[in-house]
Amino acid sequence: MKISADWLSKPSTQLIMQILLSGGHEAFFVGGCVRNALFDLKATDIDISTSATPKRVMELMNQAGLTTIPTGIDYGTVTVVSEKQNYEITTFRKDIETDGRRAKVKFSGSVLEDAKRRDFSINAIYSEQDGTILDPLNGIVDIAKKRVKFIGDPYARIKEDYLRILRYLRFFLYYSKQPHNLEIIKSLKINIGGVSKLSKERLIDELKKIIKIDILEKITKD
């Protein structure tokens, strides 16, 4: 199975992937750009997951004359700018400690470990340079059913990062055609107090992405 999208065929997109692959590293598109291509929607961000470390990513891109910004280097993320487009390149990683607000991460050489740390199955679908799909957690099934499903136990995944309460509501609103899962609703209600622990910046950023929905009413409705 392959995806096709305007962003995928852009010369700047192909150049960045080719730099990583030619450097001897694995590299895949992941997250919203792949998810939205499968839903036949426009992508707003282009994320790349790679086996290359942040230092190596910056080295390779700088050698190619591209601008790099260490936007989240402690978490493995480097922003690369090419033809006025930002590309978020993040090293394969796994969470080794979480507190509901932030995580300590460890870089990994495994795309499967990288997939397992993601929040929802529809966000853990990867694409190769030519659009060929890699789907380690069967997210394609949930795309087809228009279903938003946590990877693993919803309660545990929400405890790792309380922002996932709002992210679930946003993705459910945008993508789901299925009724709410009762186990997920119970987990949202139990953990709703954790939202107060989030930083103002993260909270506002997520709320800005949610349109025409009353958050508190959606979470606390019986």
Side-chain angles (χ1 to χ4, degrees), residues 30-32 34-36 39 44-45 47 49 71-72 74-77 88 90-108 110 112-126 135-143 145-222:
V30 69
V34 178
R35 178 194 68 232
N36 281 18
F39 276 115
T44 55
D45 302 300
D47 294 328
S49 190
T71 43
D74 290 342
Y75 298 95
T77 301
E88 300 289 331
T90 304
T91 305
F92 296 158
R93 64 189 188 183
K94 61 180 179 179
D95 296 339
I96 57 174
E97 185 178 327
T98 60
D99 63 5
R101 180 172 176 174
R102 60 178 65 85
K104 291 183 180 179
V105 304
K106 180 179 180 180
F107 298 150
S108 169
S110 167
L112 179 59
E113 284 189 337
D114 188 74
K116 287 181 176 179
R117 61 160 292 277
R118 296 178 182 273
D119 47 12
F120 310 111
S121 60
I122 61 173
N123 292 336
I125 304 171
Y126 299 72
D135 184 22
L137 300 178
N138 296 316
I140 292 290
V141 173
D142 295 314
I143 291 279
K145 293 184 177 181
K146 293 182 171 57
R147 176 174 63 192
V148 180
K149 186 176 75 175
F150 277 91
I151 296 170
D153 175 60
Y155 178 84
R157 302 314 308 276
I158 291 169
K159 292 286 285 186
E160 291 172 357
D161 185 353
Y162 293 115
L163 191 67
R164 288 173 178 162
I165 292 174
L166 302 185
R167 283 176 60 81
Y168 170 78
L169 293 174
R170 174 161 65 91
F171 286 119
F172 184 88
L173 174 67
Y174 286 168
Y175 302 107
S176 183
K177 299 296 182 183
Q178 303 292 331
H180 281 293
N181 177 283
L182 294 180
E183 181 184 3
I184 292 177
I185 291 299
K186 181 179 179 180
S187 298
L188 296 178
K189 289 181 177 181
I190 292 173
N191 288 296
I192 185 59
V195 172
S196 64
K197 299 180 180 180
L198 298 171
S199 69
K200 184 184 298 183
E201 293 76 18
R202 292 186 79 206
L203 191 57
I204 290 174
D205 182 62
E206 188 61 35
L207 289 173
K208 284 180 177 179
K209 297 176 182 178
I210 301 175
I211 301 173
K212 295 180 182 179
I213 182 170
D214 185 328
I215 298 303
L216 293 177
E217 181 178 307
K218 194 73 175 180
I219 295 175
T220 60
K221 184 178 180 181
D222 291 329

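The first residue in the sequence is number 1, and the count goes up from there. This structure is a prediction, so every number in the text was calculated from the model and none was measured.
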request  = Using side chain to side chain donor-acceptor pair (under 3.5 Å) as the criterion, list what pairs up with R93, not counting sequence neighbours.
outcome  = none
Minimum side-chain heavy-atom gap R35-F171 below 4.5 Å = yes
query = Partners of D153 by salt bridge (charged side-chain N to carboxylate O under 4.0 Å, His left out), sequence neighbours excluded?
reply = none
query = Considering only heavy atoms from C-beta outward, does the side chain of V148 approach that of S176 to under 4.5 Å?
reply = yes
query = Quick one: do R167 and D119 make a salt bridge, cutoff under 4.0 Å?
reply = yes
Can I get a per-line list of side-chain donor-acceptor pairs under 3.5 Å for residues 96-103, giving both atom names and the distance, sequence neighbours left out?
unit_1: D99; atom_1: OD1; unit_2: R101; atom_2: N; d: 2.9
unit_1: D99; atom_1: OD1; unit_2: R102; atom_2: N; d: 2.8
unit_1: R101; atom_1: NH1; unit_2: K197; atom_2: O; d: 3.3

request  = Salt-bridge test for E160 and R164: reply yes if a basic N is under 4.0 Å from a carboxylate O, no otherwise.
outcome  = yes
key: Test side chain to side chain donor-acceptor pair (under 3.5 Å) applied to Y175 and N36, step by step   = CA-CA 10 Å; Y175 302 107; N36 281 18; 2.7 Å; yes
query = Tell me, do F150 and F120 make a side-chain contact under 4.5 Å, heavy atoms counted?
reply = yes
ask   = How close do I122 and G139 get, heavy atom to heavy atom, and via which atoms?
value = CG2-O, 4.3 Å
query = Do L137 and R118 come close enough that some side-chain heavy atom pair is under 4.5 Å?
reply = no
task = Could you tell me which non-hydrogen atom of A124 sits nearest to which non-hydrogen atom of D135, and how far apart they are?
result = O-OD1, 4.4 Å
key: Contact check, side chains of F39 and I143, non-hydrogen atoms, under 4.5 Å   = yes
